[in-house]
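Following: one structure in structure tokens, then a few remarks.
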Protein chains: 2
Amino acid sequence: MVTYQDDGWGVLGDPTRRTIVLQLAQRPQAVVELAAALPISRPAVSQHLKILKDSGLVAEHAEGTRRIYHLNEVGLTALRDQLDAFWNRALSGYQDIIDKSTKETP
Amino acid sequence: MVTYQDDGWGVLGDPTRRTIVLQLAQRPQAVVELAAALPISRPAVSQHLKILKDSGLVAEHAEGTRRIYHLNEVGLTALRDQLDAFWNRALSGYQDIIDKSTKETP
DNA sequence: ATGAACGGTAAGAGTAAACTTACGGATGGT
DNA sequence: ACCATCCGTAAGTTTACTCTTACCGTTCAT
């Protein structure tokens, strides 16, 4: 009863789309490259990319006949903030661990 | 092709389950109470609770005929850590904002 | 100009998730 | 003992997501 458009969770609920995001985190890539790294057809990748683009998580630009997709920082951080808001509410009873993200990545 | 059992995202991908978690964050509640606050039938709530319980996000204990559900801190933080791992990888190109969670909740 | 590579979209099939109603078991009160 | 409340599960329906194949437009090279 709730399309993934309605909330941010659903967009990344699909493991293929998460894989695409992680792929693009390494470097911007064309559709053909993404499809080669995935076990699904190229049109299926295009459909996932459309969803990711519509939700503002990725963007693309043309390079010849290729469309180079890359992450959209604004959309990604916005979604992460949205999820953080959920976690803060969900874990409000356990205040201690909310700040566990003081990870100074050594 | 991926049941929500396979990963943590799917479990909270359903907005009803997120609402249940937020409800339980306020206080432990019986099934009947949760169902009263939701637009779906009581059995549907039971089914969601089963999924949440199987994934370790909630637990319950009996009180007379009632089953009082409450959050499971261990499972919740484990899932949040899992999501954090994704975000760290996805946003690794934007190191600055990864530590934005230095929020000392004023 | 012709052909090839790239990619978006339409149409349709298959599958899984989420809901409902119906039923049965367990506990507690009278 | 009997009835009411609470709740889990089974069965079945509906919805919507994901995928595939097929087709078409665009861009570049020869």
Side-chain angles (χ1 to χ4, degrees), chain A residues 1-24 27-72, chain B residues 1-24 27-70 72 79:
Chain A
M1 270 59 178
V2 173
T3 77
Y4 39 62
Q5 314 276 10
D6 292 346
D7 62 349
W9 283 85
V11 179
L12 291 183
D14 184 87
T16 298
R17 284 194 286 271
R18 286 199 300 277
T19 302
I20 291 177
V21 168
L22 293 180
Q23 284 281 327
L24 295 181
R27 70 172 191 285
Q29 287 176 50
V31 179
V32 130
E33 296 176 277
L34 290 168
L38 292 167
I40 58 177
S41 69
R42 184 196 49 76
V45 174
S46 273
Q47 287 159 8
H48 282 301
L49 287 170
K50 177 175 173 55
I51 293 168
L52 288 168
K53 194 173 108 179
D54 287 349
S55 61
L57 298 189
V58 307
E60 112 271 15
H61 70 273
E63 258 183 36
T65 69
R66 327 181 76 188
R67 299 255 173 154
I68 311 297
Y69 280 81
H70 59 92
L71 296 185
N72 179 9
Chain B
M1 269 60 177
V2 172
T3 77
Y4 38 64
Q5 313 277 7
D6 292 344
D7 62 349
W9 283 86
V11 179
L12 290 184
D14 184 89
T16 299
R17 285 196 284 273
R18 286 199 302 276
T19 302
I20 290 177
V21 168
L22 293 180
Q23 284 280 327
L24 295 180
R27 69 170 192 287
Q29 289 177 48
V31 180
V32 129
E33 296 176 276
L34 290 168
L38 292 166
I40 58 177
S41 69
R42 185 196 48 77
V45 174
S46 274
Q47 288 160 5
H48 282 301
L49 287 170
K50 176 174 174 53
I51 292 168
L52 288 169
K53 193 172 107 181
D54 287 348
S55 63
L57 298 188
V58 307
E60 112 270 17
H61 70 273
E63 257 182 38
T65 69
R66 328 181 76 189
R67 300 255 172 155
I68 311 298
Y69 280 82
H70 59 92
N72 179 10
L79 176 53

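Excluded from the calculations below are hydrogen atoms, water molecules and symmetry mates; all remaining heavy atoms, backbone and side chain alike, are included. In what follows, chains carry the letters A, B, and so on, assigned in the order in which the sequence lines appear, proteins first and then strands, with residues in each chain numbered from 1.
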*Atom CG of A/L38 and atom OG1 of A/T19: how far apart are they, to the nearest 0.5 Å?*
6.5 Å
*Kindly state which residues belonging to residues 58-67 of chain B come within less than 4.0 angstrom of DNA chain D, counting heavy atoms of the residue only, listed by number.*
B/T65, B/R66, B/R67
*Considering only heavy atoms from C-beta outward, does the side chain of A/D54 approach that of A/V11 to under 4.5 Å?*
no
_Quick check for you: to the nearest 0.5 Å, what is the distance between B/R17 atom CZ and B/Q47 atom CD?_
10.5 Å
*Would you name the heavy atoms of B/R42 and B/V31 that are closest together and state the gap between them?*
CG-CG1, 3.9 Å
*Side chain of A/V32 only, please: which of D/dT18, C/dA18, C/dG7 is the nearest?*
C/dG7
*Could you tell me which residues satisfy side chain to side chain donor-acceptor pair (under 3.5 Å) with B/Q29, sequence neighbours excluded, listed by chain and number?*
B/Q23
*Report yes if at least one side-chain N or O of B/Y69 is closer than 4.0 Å to OP1 or OP2 of D/dG8; otherwise report no.*
yes
*Please work out which residues in residues 35-49 of chain A have a non-hydrogen atom less than 4.0 Å from an atom of DNA chain D and list them by number.*
A/I40, A/S41, A/P43, A/A44, A/Q47, A/H48
*Which heavy-atom pair separates A/R18 from A/G13 by the least distance, and what is that distance?*
NH1-O, 3.2 Å
*How close do B/N72 and B/A59 get, heavy atom to heavy atom, and via which atoms?*
CB-N, 4.5 Å
_Measuring from atom CD of B/E60 to atom NZ of B/K50, what distance do you get when rounded to the nearest 0.5 angstrom?_
11.0 Å
